[in-house]
Q: 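Sharing a structure with you now.
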Amino acid sequence: MFGNSSNQYVALNVASGDPSKSKHSSLWRRWKRMPSFQKRASIAILLLVLLMAVVFYNKSAQPNKPSSSVSKKSNKDHNKPPNKIKSNENEEVVAQVQHPGLVQLDDAKKKALQDLENRIQEDMKKEPERRRPPKIIAGLRKEEKIDEDIVGDGDTQLVQGVGNNDFDDGAAEHLVEKNEYEEEDKPRHIPAPDFRFLSSVDQTEQQKFIVKMFQHAWKGYKESAWGHDHAHPISKTHDDWFGIGLTLIDAIDTMYIMGLEEEYADVRDFVATKMNFNVNVDVNLFECTIRVLGSMLSMYQISGDAIYLEKAKDIGNRLLPALSMSVSAVPYSDVNLKTGNARPPRWGPDSTVSEVTTIQLEFRELSFITKDPKYKDAVDRVSDHVASLSGKKDGLVPMWINANTGLFRPGGTLTVGARADSYYEYLLKQWVQTSQTEQKYLHRYLEAVGGIKSHLVGHSMPSGFTYVGELLGGITPSAKMDHLVCFLPGTLALGSKLLSESHPKESREHLELARDLMATCFEMYQNTPTGLSPEITYFNLAERAKEDLYIKPLDRHNLLRPETVESLFYLWRITKDPKYREWGWDIAQAFEKHTKVASGGYTSVKNVMDPNNPNPFDKMESFFLGETLKYLFLLFSDDDSHISLDEWVFNTEAHPFPIRSSAAVS
Ligand code: DMJ
């Protein structure tokens with residue numbers, strides 16, 4: 001269907017198998033489309049010519065008949081429409097017309113004939129336009145999109161790979177791929193229509209409140225940082241970490257899910273016309289994967305808009321050298337988006353374990369969409385390698401790993417907080433992503449949860465809050481819990497739901513731990529005068545302790561993180577206990593009260609212990625829009641089919657991916 005008109009004609013001839021037949025059938029179609037007055041005029045003129053020829057033939061001998069070659073050529077050159085006269089007769093007549101000396105037509109008749117020829121020619125020229133149906137792909141004409149790709153150069157945002165030798169998808173290949181994917185790889189999990197641009201009447205009052213929060217946050221971003229990575233909403237400035245519009249990218253699916261059509265239209269336009277990944281910047285593989293690749297993949301699935309597939313492929317290919325350039329199975333932490341140069345962190349030789357093990361859902365989804373196994377193979381190799389390493393303790397992984405040796409750094413701290421957290425999350429979610437078919441991930445997950453329970457879970461004094469601490473250096477217990485650990489109740493609850501039949505004991509125990517930890521995470525908010533959690537909380541274990549929780553001065557900041565509301569969302573969906581919504585509401589109110597910037601945006605704060613002066617950082621992280629507000633919105637939804645946990649799995653940045661029926665890339 002796609003292509004210019006000449007391609008279509010070629011296709012027609014090939015299909016008929018007989019070029020002459022197809023030529024005549026094409027002429028017949030043209031004749032059929034000719035207005036009736038033209039048909040009548042043509043027939044009249046031809047009859048007249050015939051009559052005159054007969055008369056002329058009878059009156060004077062005809063010495064030279066035109067050769068058939070001449071007559072054929074004439075017929076072809078003039079694209080005469082077919083008529084009822086048999087082809088050889090037609091040729092003869094046409095030949096006579098082309099030899100004015102043979103037929104003594106008067107000037108008026110000759111002019112009439114010539115006019116008819118001209119009109120037919122004009123019609124023939126217009127015909128391709130009439131035939132070509134405009135093909136619309138999610139608001140963009142396909143022709144327009146291809147043109148943009150062709151005219152751009154390697155440094156513009158409209159072109160992926162064109163003129164850039166650092167990546168292996170050259171321009172021609174790129175265009176071919178685009179057609180294939182658009183025709184064959186339609187998103188498979190486009191959900192029920194209510195997913196798309198929900199009208200506000202479908203939303204609960206609490207959801208409407210969260211939507212207003214999002215719009216206020218968006219205003220702050222738009223006015224201070226449009227197209228940049230992060231807004232500084234108080235000073236109305238911005239910063240660039242990757243320099244690609246990170247907040248905007250992270251927020252797209254949230255606004256889509258919230259039904260914010262106006263905001264979405266601007267953002268979609270930015271993605272199509274301005275977003276540029278061809279930047280000479282070293283980015284963190286993990287952060288760029290979960291936020292940027294994750295958002296593009298998710299948007300492709302939930303909107304069906306092919307522009308996001310193009311962008312996902314572009315950023316995926318630019319990140320891939322972090323894996324392919326490594327001398328071991330462990331990826332480098334950083335990669336340059338323009339040159340593809342990959343390297344370890346500037347401050348040390350080791351990569352973070354959570355970072356190299358939290359890119360899997362994204363690259364696997366990229367393989368599922370493109371049907372190219374290279375992305376999945378690359379990240380599966382990392383997972384299997386980490387699984388094969390010694391140095392773990394009952395499924396718990398040390399926090400550092402070296403990309404050059406492929407080994408854990410000996411003596412690494414065992415934690416479910418910073419530098420290891422999402423390793424555990426992705427063990428479960430990889431199993432979920434492929435419909436629980438890859439049992440190795442379940443085994444690793446079950447072993448790890450066993451390790452967490454045996455070595456990291458503790459209970460505070462005097463009230464007995466359950467916390468997940470750390471083993472410093474792999475040995476020394478510490479009753480320290482990062483806010484980051486608060487993703488764990490949600491992951492445990494999700495696992496519990498899926499294990500209820502196959503592993504009922506674990507399912508029950510995991511849900512119990514999830515509930516206990518959830519209460520602790522909420523307490524981390526309730527424990528402060530602002531109602532906001534600090535970044536890190538410690539737990540008292542002493543017999544005579546008066547308070548269960550305490551906070552060190554350097555840990556008093558709050559970065560608008562999502563983990564607690566993320567887990568509240570899972571706990572609500574899975575248990576339906578209304579207290580989880582109440583807790584989420586309290587947290588939303590605390591954000592509203594202490595982090596809102598009047599002119600637009602929300603800000604991280606330095607001191608959750610001072611309600612009168614929480615001391616703003618003047619920075620709004622992209623995950624506040626990408627995750628925190630999305631999970632709050634979903635927490636207050638009455639419709640569990642709205643991103644059903646049976647159909648979708650959220651990546652660690654809250655971008656939903658479809659649950660695939662199997663692990664096969666085909
Ligand atoms: C997010 O980028 C992700 O949730 C990640 O897994 C952990 N850190 C931030 C939010 O706190």
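First listed ligand is number 1; within each ligand, the first listed atom is number 1. All residue numbers refer to positions in the sequence shown, counting from 1.
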Q: Using the ring centroid of each side chain, check whether F569 and W572 are separated by less than 6.0 Å.
A: no

Q: Could you note down all residue pairs passing salt bridge (charged side-chain N to carboxylate O under 4.0 Å, His left out) where residues 340-362 supplies at least one of them, sequence neighbours left out?
A: D282-R343, D282-R346, D334-R343, D350-R409

Q: Atom CG in L632, atom CZ in F636: separation rounded to 0.5 Å?
A: 6.0 Å

Q: I'd like the contact residues of ligand 1, where contact means a heavy atom below 4.0 Å.
A: I290, R291, L484, R561, P562, E563, F623, E627, T652, E653

Q: Give me each pair satisfying salt bridge (charged side-chain N to carboxylate O under 4.0 Å, His left out) with a member in residues 285-296, each pair once, sequence neighbours excluded.
A: E287-R291, R291-E653

Q: Check K497 with D646, please: is the shortest side-chain N to carboxylate O separation under 4.0 Å?
A: yes

Q: Which residues pass the side chain to side chain donor-acceptor pair (under 3.5 Å) test with N558, not counting sequence neighbours?
A: none

